[in-house]
Structures are given as structure tokens and as C-alpha cells.
Amino acid sequence: MDILYINQLIVMSSVGIYDWEKNQLQKLIFDLELTCHDKFFVSNTDMSNYLDYTKISNIILDTINGKHFLLIEYIAEEIIKILMEKFSVISWIRLKVDKPNAVCNARSVGICIERENKILSL
Ligand SMILES: Nc1nc2c(c(=O)[nH]1)N=C([C@H](O)[C@@H](O)CO)CN2
């Protein structure tokens, strides 16, 4: 299985369920892994049609910037939805979202979700 990954992407985000969280940005850290339709990575010689980790990183940033999300779960679902809409070759995504400063006695808290793309195409 071929995997494209992005590790420890840090995004200052407006996120949280409490009122005070609407007035300040907090650090979130993203770890993303994704796979594609069979052999997409190795057989894809078309430079107009490769999966660009820079573009994917920017999509994560653009999804979050300028909006407030109540739960990190909502951020993760939104990012995965957008990535699967934009890149129909993606077959599976695992996205981990860390909120490192949320619980003072924990190094980090967060979620990790995995989704499969039901509508695949090349
Ligand atoms: N499952 C979740 N639990 C909690 C979240 C969350 O996003 N997902 N958020 C909070 C608060 O916003 C907290 O991070 C404030 O420090 C609490 N629980």
C-alpha cells in the first residue's frame, strides 16, 4: 500500500466549545495519511495529475482559516470531505488532530478518524 503523509502540520485555529475560545487562536497539530486508487502513485506519470502534498497542506489551512469550529471532530470531517471531493483518486484517509494545550496534565488530546472514499475514480 502506498501512502502519502503529512506530519505535524501546525495550524493556529479558532476552535472550542467555550466562549473564551472564540476570541483566541489555539494550536492544532495535524497528521494526515492517505492512499489512492490502486497504483496511482507509481503509475501516475502525468505531472498535471499527481497528488501534491503542498496543495493538500494548503487545503487544510484554507479550511480552517477565518472560521470557528466547536469541536475538532468537525474540523477533521470537513477537511476529509473537501479532500475527497477535490481528489477523487483518494481511497482512504486517516487524519489525526491534536489539541496540545487543551488539558493541562496531558501532553496532548485529540482525535484520529479514518474514512474510505466510496466513490472512486481515476
Ligand atoms: N471530543 C471532544 N471533546 C472536547 C472538545 C473537542 O473538540 N472534542 N473540546 C473541548 C474544549 O473546547 C476544550 O478543548 C477547551 O480546552 C472539550 N472537549
Side-chain angles (χ1 to χ4, degrees):
M1 183 167 64
D2 300 345
I3 292 181
L4 183 152
Y5 66 87
I6 298 167
N7 275 346
Q8 304 278 293
L9 180 74
I10 296 174
V11 187
M12 297 309 290
S13 317
S14 178
V15 57
I17 57 180
Y18 301 115
D19 283 343
W20 61 266
E21 296 188 281
K22 292 180 181 134
N23 303 319
Q24 64 183 68
L25 298 177
Q26 299 183 75
K27 189 198 272 188
L28 295 182
I29 306 173
F30 292 85
D31 288 310
L32 175 88
E33 288 178 76
L34 63 82
T35 62
C36 283
H37 200 283
D38 260 8
K39 302 280 185 278
F40 179 81
F41 287 121
V42 286
S43 65
N44 183 27
T45 53
D46 177 1
M47 283 303 291
S48 67
N49 186 31
Y50 69 102
L51 270 183
D52 181 341
Y53 45 67
T54 307
K55 275 191 191 155
I56 292 173
S57 301
N58 286 332
I59 287 171
I60 295 176
L61 296 168
D62 290 346
T63 304
I64 294 162
N65 278 342
K67 287 171 229 145
H68 181 82
F69 291 87
L70 290 170
L71 297 174
I72 56 176
E73 285 88 334
Y74 297 160
I75 295 181
E77 289 287 3
E78 183 71 3
I79 289 168
I80 289 178
K81 184 172 86 65
I82 291 170
L83 288 176
M84 284 184 169
E85 278 168 8
K86 283 199 195 258
F87 303 102
S88 56
V89 292
I90 293 175
S91 54
W92 168 88
I93 297 181
R94 172 187 290 146
L95 181 61
K96 189 168 164 236
V97 185
D98 265 15
K99 196 173 180 185
N101 303 317
V103 174
C104 59
N105 289 332
R107 184 194 288 173
S108 193
V109 292
I111 55 148
C112 181
I113 66 171
E114 292 183 20
R115 294 290 178 268
E116 274 180 57
N117 193 2
K118 305 276 189 270
I119 311 153
L120 271 182
S121 64
L122 268 178

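Computed from a prediction, not measured in an experiment: that's the story for all the values here. Ligands are counted one by one from 1 in listed order, and the atoms in each one are counted from 1 as well. Residues: numbered from 1 along the sequence shown.
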Scan the side chains in residues 3-16 for donor-acceptor partners under 3.5 Å anywhere in the protein, sequence neighbours excluded, and list what turns up.
residue, atom, partner, partner atom, Å
Gln8, NE2, Asp31, OD2, 3.4
Ser13, OG, Val11, O, 3.0
Ser14, OG, His68, ND1, 2.6

What residues come within 4.0 Å of ligand 1, counting heavy atoms only?
Gly16, Ile17, Tyr18, Glu21, Leu71, Ile72, Glu73, Lys99, Ala102

Lys22 atom NZ: more than 12 heavy-atom contacts under 6.0 Å:
yes

For residues 95-106, which residue pairs pass the side-chain hydrogen bond (donor to acceptor under 3.5 Å, both in side chains) check, not counting sequence neighbours?
Glu21-Lys99, Asp98-Ser108

Can you check whether Lys81 reaches Glu77 side chain to side chain, under 4.5 Å on heavy atoms?
no

I'd like a table of donor-acceptor pairs (distance under 3.5 Å, sequence neighbours excluded) in which one partner is a side-chain atom from residues 56-64, with atom names and distances.
residue, atom, partner, partner atom, Å
Ser57, OG, Tyr53, O, 2.8
Asn58, ND2, Thr54, O, 3.3
Thr63, OG1, Ile59, O, 2.6

Hey, which of Thr35, Leu34, Asn117, Ile79 is the one that makes side-chain contact (heavy atoms from CB on, under 4.5 Å) with Ile93?
Leu34

